[in-house]
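Notes to accompany the following structure.
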Amino acid sequence: DSAPLVRLEALRGLHARDDERACPVTIAMTSDPDPRVALEAIGELRACDTWSAAVSLLDHLAGEVGDAYRQWHRAAHALVSLAAVDPGRARERLTPFTSASTWHLRLYAARAAAVLDDRPTLQRLAQDANDNVVEAALFGLVTGAGHDADAIYVAALGRPAHQVVRAAALALDGSTHPGAASALEAARQRLAGDLSAGALDAYAAIMDTLSGLGARPPARPAGRADANPSLTTANLRRLSAPRARVIVRDVGTFEVALGV
């Protein structure tokens, strides 16, 4: 079909029905002129692990990694799919991604490392300069290492980015690490006066984890709402609104309140 969205839905439909034509069609559609269709096809190839042509194509695409703007998408998506279908080849392709100057590539390296359960790579990326990379690495460690990586989660609580603090707090749920409770409390105090959406999410995660660890929640100061001039009706409406996370290429991640 001439419409990219039609081709996209047709591709998804083939895989949803486990159609025997899905893999050969998906291989062809990795060359689709529309980037959305091509990237979707690359992602769907993870279901074609018995097709040697699919695995070879993913390996080839992952090898075309580059830092240039708009050049990294196909290689990054291919790496994650390759990790699912051929872990050995994916490990051989991983290093250029973890050392890339473009943070997006390091983020996809973290996602691939999570699929591979490559804990040394995840531990290294959990200390990355970019908070989006760190968040992805923390989620990957939770899946593979669990509480064996509690020291990394505790350290991440000290970072300023709200999404990293939230990920670290969630990872520490049920932890027996001796420094977990004090690090969580320090992060809670740091966020206590921040009314931004990201801070509220992080604060809620901290409180939930502290409660699970048996720590007593701090008492709410009397009259805080009246004493805080920023806690207005408009702000309360904004804080209770549904939110969407937006990722802007080469800028970062932020949240938008919807319907306000």
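Not measured: the values here are computed from a predicted model.
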Name all residues meeting the side-chain hydrogen bond (donor to acceptor under 3.5 Å, both in side chains) criterion together with [X]; count only those two or more places apart in sequence or in a different chain, and write none if there are none.
{"X": "R17", "answer": "none"}
{"X": "D117", "answer": "R119"}
{"X": "H177", "answer": "none"}

Legend entry - Remaining members of hydrophobic cluster (4.5 Å side-chain criterion), V37: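 Reading the cluster by chain and number, V37 sits alongside L5, L8, L11, L14, V25, M29.
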Inset, instruction - If you link ILVMFWY side chains whenever their heavy atoms are less than 4.5 Å apart, which other residues fall into the same cluster as V6? By chain and number, please. - result: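 None; V6 is a cluster of one.
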Closest non-hydrogen atom pair between [X] and [Y], with its separation:
{"X": "A169", "Y": "L157", "result": "N-CD2, 3.9 Å"}
{"X": "G179", "Y": "S182", "result": "O-OG, 3.1 Å"}
{"X": "A112", "Y": "V80", "result": "N-CG2, 4.1 Å"}
{"X": "L195", "Y": "L200", "result": "O-CD1, 3.8 Å"}

Inset, instruction - Please list, chain by chain and in numerical order, all residues satisfying salt bridge (charged side-chain N to carboxylate O under 4.0 Å, His left out) with R7, sequence neighbours excluded. - result: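 Result, salt bridge (charged side-chain N to carboxylate O under 4.0 Å, His left out) vs R7: D32.
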Inset, instruction - State which residues pass salt bridge (charged side-chain N to carboxylate O under 4.0 Å, His left out) with D150; sequence neighbours excluded, sorted by chain then number. - result: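 Testing D150 for salt bridge (charged side-chain N to carboxylate O under 4.0 Å, His left out), a comparison that skips the adjacent residues, returns none.
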Output the distance between atom [atom1] ([X]) and atom [atom2] ([Y]), rounded to the nearest 0.5 Å.
{"X": "L213", "Y": "D208", "atom1": "CG", "atom2": "CG", "value": "11.0 Å"}
{"X": "C23", "Y": "L45", "atom1": "SG", "atom2": "CG", "value": "7.0 Å"}
{"X": "L82", "Y": "D49", "atom1": "CG", "atom2": "CG", "value": "11.5 Å"}
{"X": "I206", "Y": "R188", "atom1": "CD1", "atom2": "CZ", "value": "8.5 Å"}
{"X": "I27", "Y": "S56", "atom1": "CD1", "atom2": "OG", "value": "9.0 Å"}

Inset, instruction - Any chance you could lay out the side chain to side chain contact (heavy atoms under 4.5 Å, CB included) test for H147 and T176, step after step, and finish with the verdict? - result: CA-CA 8 Å; H147 287 301; T176 59; over 6 Å; no
Inset, instruction - Decide side chain to side chain contact (heavy atoms under 4.5 Å, CB included) for D131 and R159; before the verdict, give the C-alpha distance in whole Å, the side-chain angles of both, and the deciding distance to 0.1 Å. - result: CA-CA 9 Å; D131 294 314; R159 292 181 67 115; 2.8 Å; yes
Legend entry - Full working for side chain to side chain contact (heavy atoms under 4.5 Å, CB included) between V134 and L125: CA-CA 6 Å; V134 174; L125 292 174; over 6 Å; no
Heavy-atom distance under 4.5 Å between the side chains of [X] and [Y], does that happen here?
{"X": "C48", "Y": "H15", "answer": "yes"}
{"X": "Q163", "Y": "N132", "answer": "yes"}
{"X": "P24", "Y": "W51", "answer": "yes"}
{"X": "H162", "Y": "S196", "answer": "yes"}
{"X": "V165", "Y": "R190", "answer": "yes"}
{"X": "L107", "Y": "N130", "answer": "no"}
{"X": "L39", "Y": "H73", "answer": "yes"}

Linking I/L/V/M/F/W/Y whenever their side-chain heavy atoms sit closer than 4.5 Å, directly or via other members, would [X] and [Y] fall into one cluster?
{"X": "L61", "Y": "L105", "value": "no"}
{"X": "L94", "Y": "L57", "value": "no"}
{"X": "L191", "Y": "Y153", "value": "yes"}
{"X": "L79", "Y": "I42", "value": "no"}
{"X": "L172", "Y": "Y203", "value": "yes"}

Inset, instruction - Decide yes or no on side chain to side chain contact (heavy atoms under 4.5 Å, CB included) for L122 and D118, but give the supporting numbers first. - result: CA-CA 6 Å; L122 289 169; D118 184 345; 5.5 Å; no
Legend entry - Qualifying salt bridge (Lys or Arg N to Asp or Glu O under 4.0 Å) pairs with a residue from residues 98-110, counting only residues at least two apart or across chains: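 Applying salt bridge (Lys or Arg N to Asp or Glu O under 4.0 Å) to every pair that reaches into residues 98-110, excluding sequence neighbours, yields R106-D128.
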Inset, instruction - Any pair with a residue in residues 81-98 that passes side chain to side chain donor-acceptor pair (under 3.5 Å), sequence neighbours left out, goes on the list, sorted by first then second residue, please. - result: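 Every pair satisfying side chain to side chain donor-acceptor pair (under 3.5 Å) with a residue in residues 81-98: D59-R93, D86-R89.
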Inset, instruction - Just grab all the side chain to side chain donor-acceptor pair (under 3.5 Å) pairs involving residues 34-46, residues at least two apart or on different chains. - result: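 Of all non-adjacent pairs touching residues 34-46, those that pass side chain to side chain donor-acceptor pair (under 3.5 Å) are R12-E40, D34-R36.
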Inset, instruction - Write out all pairs satisfying ring-ring contact (aromatic ring centres under 6.0 Å, His included) with one or both partners inside residues 76-101, taking only residues at least two apart or from two chains. - result: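 Qualifying pairs, neighbours excluded: H77-Y108.
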Inset, instruction - Give a yes or no on whether the backbone of A171 and the side-chain of S175 come within a donor-acceptor separation of less than 3.5 Å. - result: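 No.
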Inset, instruction - Taking side-chain contact (heavy atoms from CB on, under 4.5 Å) as the test, write out the residues that go with A126, two or more places apart. - result: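 Result, side-chain contact (heavy atoms from CB on, under 4.5 Å) vs A126: A137, L138, L141, I152.
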